[in-house]
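First up is the structure itself, then whatever we jot down about it.
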Amino acid sequence: MSGADDRPAVAARILVVEDNPLNLELVTDMLSDEGYLVLQAEDETTALRLAREEGPDLILMDIQLPGADGLEITRKLRADPATGGIPIVALTAHAMRGEEEKARDAGCVGFLTKPLRMQDLLQAVAQWTRTGGD
Ligand code: MN
C-alpha cells in the first residue's frame with residue numbers, strides 16, 4: 001500500500017501487437033523506459049498464444065496487420081474466456097471516420113492514432129493498467 005509511488009511494485013505487462021518492426025521497437029522503448037514489461041507479437045498466431053499463455057494486463061493492438069486484422073484478433077480475444085477480460089487499446093494509422101467506432105464495436109476499450117504521442121500512450125496505459133500516471 002504505497003499510494004504515493006508512481007511506480008507499481010510489480011510492473012504491469014503489456015502485449016504489443018504490431019507488424020511494423022520500427023513501430024514495435026518505438027512502443028517497446030517508450031513502455032520499457034517507464035518500467036513496464038513488454039511482450040511483442042508481430043502476427044495473429046503469436047498474439048493469441050502470448051495473450052493466453054502470459055495473461056498480460058493490457059494489449060495494444062495495431063489494427064492494420066497483414067492477414068487477420070487487429071479487429072478480428074480483438075474479437076477472438078474477447079470471445080475467449082481466457083483472454084476476454086484483458087483490456088485492448090487499438091492503434092491505428094487511419095484517423096478515418098468510423099474507425100474508432102469499429103474498434104469499440106470489436107471490443108477495444110480505447111483508441112490511439114499513429115503516429116503515437118508518448119503522452120497519450122502512457123496515459124492510456126496507466127489508465128487501463130491502473131498503475132502509475134495520474
Ligand atoms: Mn500495421
Side-chain angles (χ1 to χ4, degrees):
M1 294 296 160
S2 50
D5 288 356
D6 62 357
R7 282 288 171 81
V10 177
R13 298 185 309 147
I14 318 294
L15 171 58
V16 180
V17 184
E18 167 64 80
D19 63 304
N20 180 300
L22 291 177
N23 286 341
L24 183 57
E25 179 87 16
L26 179 70
V27 174
T28 298
D29 285 349
M30 286 196 273
L31 295 175
S32 297
D33 286 350
E34 293 297 312
Y36 294 105
L37 292 176
V38 179
L39 303 164
Q40 299 180 326
E42 298 188 35
D43 56 54
E44 178 187 13
T45 303
T46 309
L48 293 176
R49 180 174 59 76
L50 286 177
R52 288 171 183 146
E53 292 180 358
E54 303 293 336
D57 298 288
L58 174 69
I59 298 172
L60 298 177
M61 179 70 69
D62 180 27
I63 299 303
Q64 287 81 32
L65 295 168
D69 70 14
L71 296 179
E72 185 57 35
I73 301 173
T74 294
R75 289 187 199 98
K76 290 181 183 178
L77 290 167
R78 301 297 290 176
D80 184 340
T83 56
I86 305 171
I88 302 172
V89 171
L91 311 178
T92 179
H94 296 181
M96 297 191 310
R97 245 176 87 229
E99 203 67 9
E100 178 166 4
E101 188 181 359
K102 276 194 275 182
R104 292 191 186 279
D105 284 349
C108 294
V109 296
F111 182 88
L112 295 170
T113 302
K114 294 191 272 187
L116 289 175
R117 294 197 309 164
M118 184 161 178
Q119 184 181 353
D120 295 339
L121 175 69
L122 295 180
Q123 183 181 31
V125 168
Q127 177 182 354
W128 292 106
T129 59
R130 295 192 217 94
T131 60
D134 295 324

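Note that ligands are numbered from 1 as they come in the structure, with each ligand's atoms numbered from 1 the same way. All values derive from a computational prediction rather than experimental measurement.
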- Do the non-hydrogen side-chain atoms of Glu44 and Leu48 ever get within less than 4.5 Å of each other? yes

Tell me whether Lys102 is salt-bridged to Glu99, with the criterion being a basic N under 4.0 Å from an acidic carboxylate O. yes

In Asp62, the N/O/S atom nearest the Mn ion (ligand 1) carries the name OD2

In Asp19, the N/O/S atom nearest the Mn ion (ligand 1) carries the name OD1

One should read off an interatomic distance between Leu91 CG and Gln64 CD, to the nearest 0.5 angstrom, of 9.5 Å

Practice task
Assess Gln64: does it contribute an N, O or S atom lying under 2.8 Å from the Mn ion (ligand 1)?
Solution key: yes

Check: Would you say Glu18 reaches the Mn ion (ligand 1) with an N/O/S atom under 2.8 Å?
Finding: no

Which of Ile86, Ile59, Leu15, Val17 passes side chain to side chain contact (heavy atoms under 4.5 Å, CB included) with Leu77? It is Ile59

